[in-house]
Structure formats: C-alpha cells, structure tokens
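Notes to accompany the following structure.
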Amino acid sequence: MISFDLDMTLLDHATGRIPESALKTIEQLRKKHKIILATGRDMDNYFSVPYRDIVSPDAIIHMNGTKITVGGRLIYEHRFDPALLKELLSFCEQKGYGIGMTRGDEDYYIHPEIIEASDKRFWGSCGRRFQDPWRMLDMPIRTLAFIGSEEEVRRVNARFPQLKMPLFAGRQGADVMEAGCSKADGLRRLARWFGEKEDLSDTVAFGDSMNDLEVVKEAGTGVAMGNAAKELKEIADYVAPPVSEDGIYRACLHLGLIDA
C-alpha cells in the first residue's frame, strides 16, 4: 500500500490542483501497489469528491482514521462520545471559538463567522452552506475541525486532554478527534483487510501535516513533503521536494517506486 495525504501533499493549495506529475505517478504506482488516500477530510463531502474521483484510490482513510472505505464500502467508523461532544461545543461557543464539521453539502459550525473569514483569507471566497450547529448532537460525529490559532488549539486541548488535536499544515487550526484514532491505525486496519503486513513494514506513507505524524513514523517508508511541518521532517525516512516542485514524482523516482 502507498498512502497519500491530500492537502499540500497531493493537492497544491496555491493552484487548487493536483500536479499532473503526481497524477501520472499514481497511475504508474497503481500497476503494482494499492493506492490509499489518508486525509483529515471526509472525502465524500461535496468539496472533496472531485479530488477523490481524480485520484480514484483503492481505499480511503477519512478523517484521520475515524472512517475507512474500500471501493465505496464503509468498513470501519469511530463515533464521538455524545457527552464529550456536547461539552466541547458548549465550551467553544462560550469562548468564541470556531469548531464543527461538514456533512454532504452542509456545514455545521459553532461561530460560523470565524470559518467564513478563514475561507475568504485562504481561498478568496466562502461557499459554505451553514446550518444549525447544535444539530450535530443528533448526528454520528466522527471528527471535527477547529479553526483558530495555535494558542487557541492548546487551550482547548488543555481543557479536554482526552482529545487529540494535530495542527493543520498552516497551523491555523486543527483536526479534533478522540485519542486513539490516527491515520496509522487506519492503515493497519486496511492491511488486515487486504491481507498485508499489519506492522506496515511494506507500506509507504506521504504527508505534510501533524496529523500525518504517526503514519509517516510507523510506515515502512515515511515521506515528508518539502513543505511539511518541521516535526514531520525530523521523523521521516525521506524528505521530498515540495508539492509545488513535483515532490510526489521526484520522491517516487528516488525511492525506486517508478521508472523515469
């Protein structure tokens, strides 16, 4: 299995596109390897489906391992503890923090104005379809997204130590999940599903952000992108060029996974 994060690993945010060199590399890899997307996103959401369909992976580790699909079939999910969810949302509402999630083509966020401002800052516009965030209490929630500063992330995590909150690549927010969930756990579940080595010794994992830390560390070969967080580069087996410099292609060439 060869596992790829999406944002700033395959997907270049500067262009909004997956480089052609990366797509051609994936097609070469597909001949001998299973292609896995391992991301903090739910790849079944409306804004992620186009990238899902372009990559056409054999399996997807969604939302940092809290949802796993193979060929569209759900094989695993972990749901947020309802009491913890209610306490977390109430805390963020009181403190003025932006937190929530997207389901299908609808967005459920406490303090949606924070998410709208962030979208406009990074993408130039906001096309979210905000709904009543308290409806999340009646939904099966797997993971959440927190939008805010590193200091705010630390404050929330200090109040809720039972959570795991790896920072986004841009360090302007974090994924939010219950401790014990990770992309590495997801990859091990897929190894069992496909009948491969559960110690992940024969896997390769690419990433750039703090939610890739476990999977890059535990994979047989862990690759950090040149634009990756410093902490990820320090534990990676190999540091590739940035996504904007054909990093996926050049790394796979260097590792002998594809031919020139």
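Bear in mind the structure is a predicted one, so any value in this text is a computation, not a measurement. The residues of the chain are indexed from 1 along the displayed sequence.
- The shortest side-chain heavy-atom distance between C92 and F146 falls under the 4.5 Å cut-off.
- A donor-acceptor contact closer than 3.5 angstrom is absent between the side chains of S209 and D212.
- Here the shortest heavy-atom pairing between A22 and I248 reads CB-CB, 4.0 Å.
- Between K217 atom NZ and L232 atom CG the span is 11.5 Å, to the nearest 0.5 Å.
- Using cut-offs of 30° and 60° on the angle between ring planes, the pair F91 and F160 is perpendicular.
- Taking each heavy atom of A228 and G207 in turn, the nearest pair found is CB-O, 4.2 Å.
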Kindly determine whether S244 and D12 satisfy side-chain hydrogen bond (donor to acceptor under 3.5 Å, both in side chains), including the steps that lead there. CA-CA 6 Å; S244 60; D12 186 349; 4.8 Å; no
Derivation and outcome, side chain to side chain contact (heavy atoms under 4.5 Å, CB included), residues I61 and D185: CA-CA 9 Å; I61 300 167; D185 291 326; over 6 Å; no
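- In this structure a side-chain-to-backbone donor-acceptor pair under 3.5 Å is present from E152 to S149.
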Output, in order, the C-alpha distance, side-chain angles, deciding distance and verdict of side chain to side chain contact (heavy atoms under 4.5 Å, CB included) for Y249 and K24. CA-CA 8 Å; Y249 166 74; K24 289 181 178 178; over 6 Å; no
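- Ion pairing of E87 with R159 is present here, as a side-chain N (NZ or NE/NH1/NH2) and a carboxylate O approach within less than 4.0 Å.
- Between the side chain of D107 and the main chain of T102, no donor-acceptor pair closer than 3.5 Å is present.
- Shown are L253, D259, L255; of these, the side-chain contact (heavy atoms from CB on, under 4.5 Å) with L257 is made only by L255.
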From CA spacing to verdict: side chain to side chain contact (heavy atoms under 4.5 Å, CB included), Y51, L37: CA-CA 10 Å; Y51 303 118; L37 266 181; over 6 Å; no
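- Looking only at side-chain heavy atoms (C-beta outward), L84 and L163 come within less than 4.5 Å of each other.
- Under a 3.5 Å cut-off, the side chain of S48 and the backbone N or O of D44 do not form any donor-acceptor pair.
- In this structure, Y97 and I114 have side chains that are not in contact, with every pair of non-hydrogen atoms separated by 4.5 Å or more.
- The two residues Y46 and G127 make their nearest non-hydrogen contact at OH-O, 4.0 Å.
- Taking 4.5 Å as the limit, every side-chain heavy atom of M101 sits out of range of all side-chain heavy atoms of T143.
- Between K34 and D58, none of the side-chain N atoms (NZ, or NE/NH1/NH2) sits under 4.0 Å from a carboxylate O, so this pair counts as no salt bridge.
- The two residues Q28 and I258 have their closest heavy-atom pair at OE1-CB, 3.6 Å.
- Considering H78, K164, R79, R142 in turn, H78 is the only one that fulfils the side-chain hydrogen bond (donor to acceptor under 3.5 Å, both in side chains) rule with E178.
- Under the 4.5 Å side-chain criterion, counting only non-hydrogen atoms from C-beta, I99 is not in contact with V156.
- Between F122 and H13, the distance separating the two ring centers is not shorter than 6.0 angstrom.
- The closest side-chain heavy-atom distance from E218 to R188 is below 4.5 Å.
- There is no path of hydrophobic side-chain contacts, each under 4.5 Å, that joins V216 to V239.
- Cluster annotation: M43 is connected to L10 through the hydrophobic network of ILVMFWY side chains, with a link wherever side-chain heavy atoms come within less than 4.5 Å.
- The minimum heavy-atom distance between S21 and D246, with the atom names listed, is OG-OD1, 2.6 Å.
- A distance-only check finds a donor-acceptor pair linking the side chain of N45 to the backbone of G104 [under 3.5 Å].
- The aromatic rings of Y109 and F130 lie perpendicular to each other, with more than 60° between the two planes, well past the 30° mark.
- Contact check for L29 versus C252: side-chain heavy atoms found under the 4.5 Å cut-off.
- The side-chain heavy atoms of V243 and L11, taken from C-beta on, include no pair separated by under 4.5 Å.
- In this structure, the side chain of K183 engages the main chain of A38 through a donor-acceptor pair within 3.5 Å.
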Applying side chain to side chain contact (heavy atoms under 4.5 Å, CB included), run through E231 and M210 and close with a yes or a no. CA-CA 8 Å; E231 297 91 333; M210 294 304 291; 3.8 Å; yes
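- Residues I147 and M165 are members of separate hydrophobic clusters, defined by side-chain heavy-atom contacts under 4.5 angstrom among Ile, Leu, Val, Met, Phe, Trp and Tyr.
- Hydrophobic cluster membership is shared by V204 and I26, with clusters built from Ile, Leu, Val, Met, Phe, Trp and Tyr side chains linked at under 4.5 angstrom.
- Nearest heavy-atom pair, T69 versus K67, reported as atom, atom and distance to 0.1 Å: CG2-CE, 4.0 Å.
- A salt bridge does not link R103 with E106: every distance from a Lys NZ or Arg NE/NH1/NH2 to an Asp or Glu carboxylate oxygen is 4.0 Å or more.
- With hydrophobic clusters built from ILVMFWY side chains whose heavy atoms lie under 4.5 angstrom apart, L187 does not share a cluster with I60.
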